[in-house]
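Comments concern the structure below.
Counting convention: from 1, in listed order, for ligands and their atoms alike.
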Amino acid sequence: MKVRSLKGMNDILPPEVYLWQFVEEAAREVLEGFGYKEIRTPILEETSLFQKSIGEGTDIVNKEMYTFTDRGGRSLTLRPEGTAPIVRSYIENNLSADDYLKFYYIGPMFRSERPQKGRSRQFHQIGVEAIGSSDPYIDGGSIFLLSELLRKVGLDGFRIKLSSLGCAKDKQRLAKELRAYLLPEKNRLCEDCRIRLEKNVLRTLDCKIESCKALLRNSPKAKDFLCPDCREHYNTVKKYLNTQPSVYFIEDPNMVRGLDYYTKTVFEVTHSALGAQDAIAAGGRYDNLIEDFGGKKTPAIGFAIGIERLLMALPPEKKKEIESKKEKKLVYIATTSSDAYNKAYEVLKPFRFEDEKFVYEINYDRTRSLKAQMRQADKKKASFVAIFGDEELKRNEVILRNMKTSEQKKIELNKFSKEFEEVIKREI
Ligand code: HAM
């Protein structure tokens, strides 16, 4: 029986993994620079955490969660997103003593969606959450940070879509109007939307069925229900963003997010290099979520970048450049006897721990002829081969062969470190 990975859950192999390391490192650098601190929460949480935060009636909660009952009879769920666990942790660990906190996280999320280009069941996010301020400058600053992050990894040509959903009261008024608008059309709605109409009408805005989308095209919009405070908040966010020449955004009054917890500012970043699943990142404010979970009323905002989609949108030449920069060059160590092998080991010891650009690999099969070792070095695309041959060692020498130019140089063993470094560093 062949064992296979689960559908929609992918291995990340070298050299692709170098892209992941690059993105993660770049993200850490930018985020730490902006004062965000890493937080790591468990991958498994109580199901109710996500039901309550993401919302009953959302696709994620209704159809996409990996939920199971554990041996103790508890309902547990693999995290489909990172915001609710951070909120749980914030409250549980009494982090509110600090009035403003900024967190980031990098890791896998799980949603049982139908896999397609840009959509997998285990996917990875770089997420940030800024907790404790309702200042619209934080909203603008989060969007600025997001676009800096994307630029830092080499992405261009993305679009930022912006909207405001208003506060809880505004959302209630929108829901009331939307229900009144849709009720006479009930029979033309899909089965899911008929249920949404009763349970959570705002979710109809997120329906992917064409006939529902057509019905909703002229439906009441969030922007028409903003109270004066929320309108002012939204205008200030836009004003701030307009002072940032590197941030280009467009307003999208039809934007709905797939999670219920959002209030006020919401945004999405899309890229034309992606197909139907074109959102690379998304986020927004969630000013009521902490209170809903029993914490003090604490406004907050955040976003998450989908790493798979970000990598898909990166230009191929950029990816090649990252991979070749990240992948260490190989120095293959060929030996002609056990004595030579031992000598090579001794001489190379300090190199193997210190070198950032080169990796040293010694031939482990001592029955292999020198010719076979050279063939293997070639196959492994070694940049150099250092030949520790018995004859040369008698003369206190090692041969260093440049595999690209086929040039060979004899290096004196007691000056090995210095000369070896000089020769190979010229290649960088
Ligand atoms: P989200 O829009 O559900 O938001 O996901 C954010 C990003 O994760 C998406 O824009 C996309 O790039 C990626 N993503 C989502 N689902 C998949 C999938 N099945 N396959 C591949 N990539 C996917 C959130 O998760 C919120 N927690 C963001 C947030 C943080 N809001 C406030 N703070």
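A salt bridge links Glu25 with Lys326: the distance from a Lys NZ or Arg NE/NH1/NH2 to an Asp or Glu carboxylate oxygen falls below 4.0 Å. By the 4.0 Å N-to-carboxylate-O rule, Arg285 lies close enough to Asp139 to be salt-bridged with it. For the pair Glu191 and Arg194, the salt-bridge criterion is not met [side-chain N within less than 4.0 Å of a carboxylate O].
Test Lys161, Lys238, Arg159, Lys223 against Glu251 for salt bridge (Lys or Arg N to Asp or Glu O under 4.0 Å) and you get one pass: Lys238.
Within 4.0 Å of ligand 1, the residues that place a heavy atom are Glu81, Thr83, Tyr105, Arg111, Glu113, Gly118, Arg119, Ser120, Phe123, Gln125, Glu129, Arg257, Leu259, Tyr261, Tyr262, Ala279, Ile280, Ala281, Ala282, Gly283, Gly284, Tyr286, Gly302, Phe303, Ala304, Gly306, Arg309, listed by chain and number.
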Anything under 3.5 Å between a donor and an acceptor, one on a side chain of residues 268-281, the other on a protein residue two or more places apart or in another chain? List them.
residue : atom : partner : partner atom : Å
Glu268  : OE2  : Arg257  : NH1          : 3.3
His271  : ND1  : Ala273  : N            : 3.0
His271  : NE2  : Asp156  : O            : 2.7

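Ring centers of Tyr341 and Tyr345: under 6.0 Å apart, within the cut-off.
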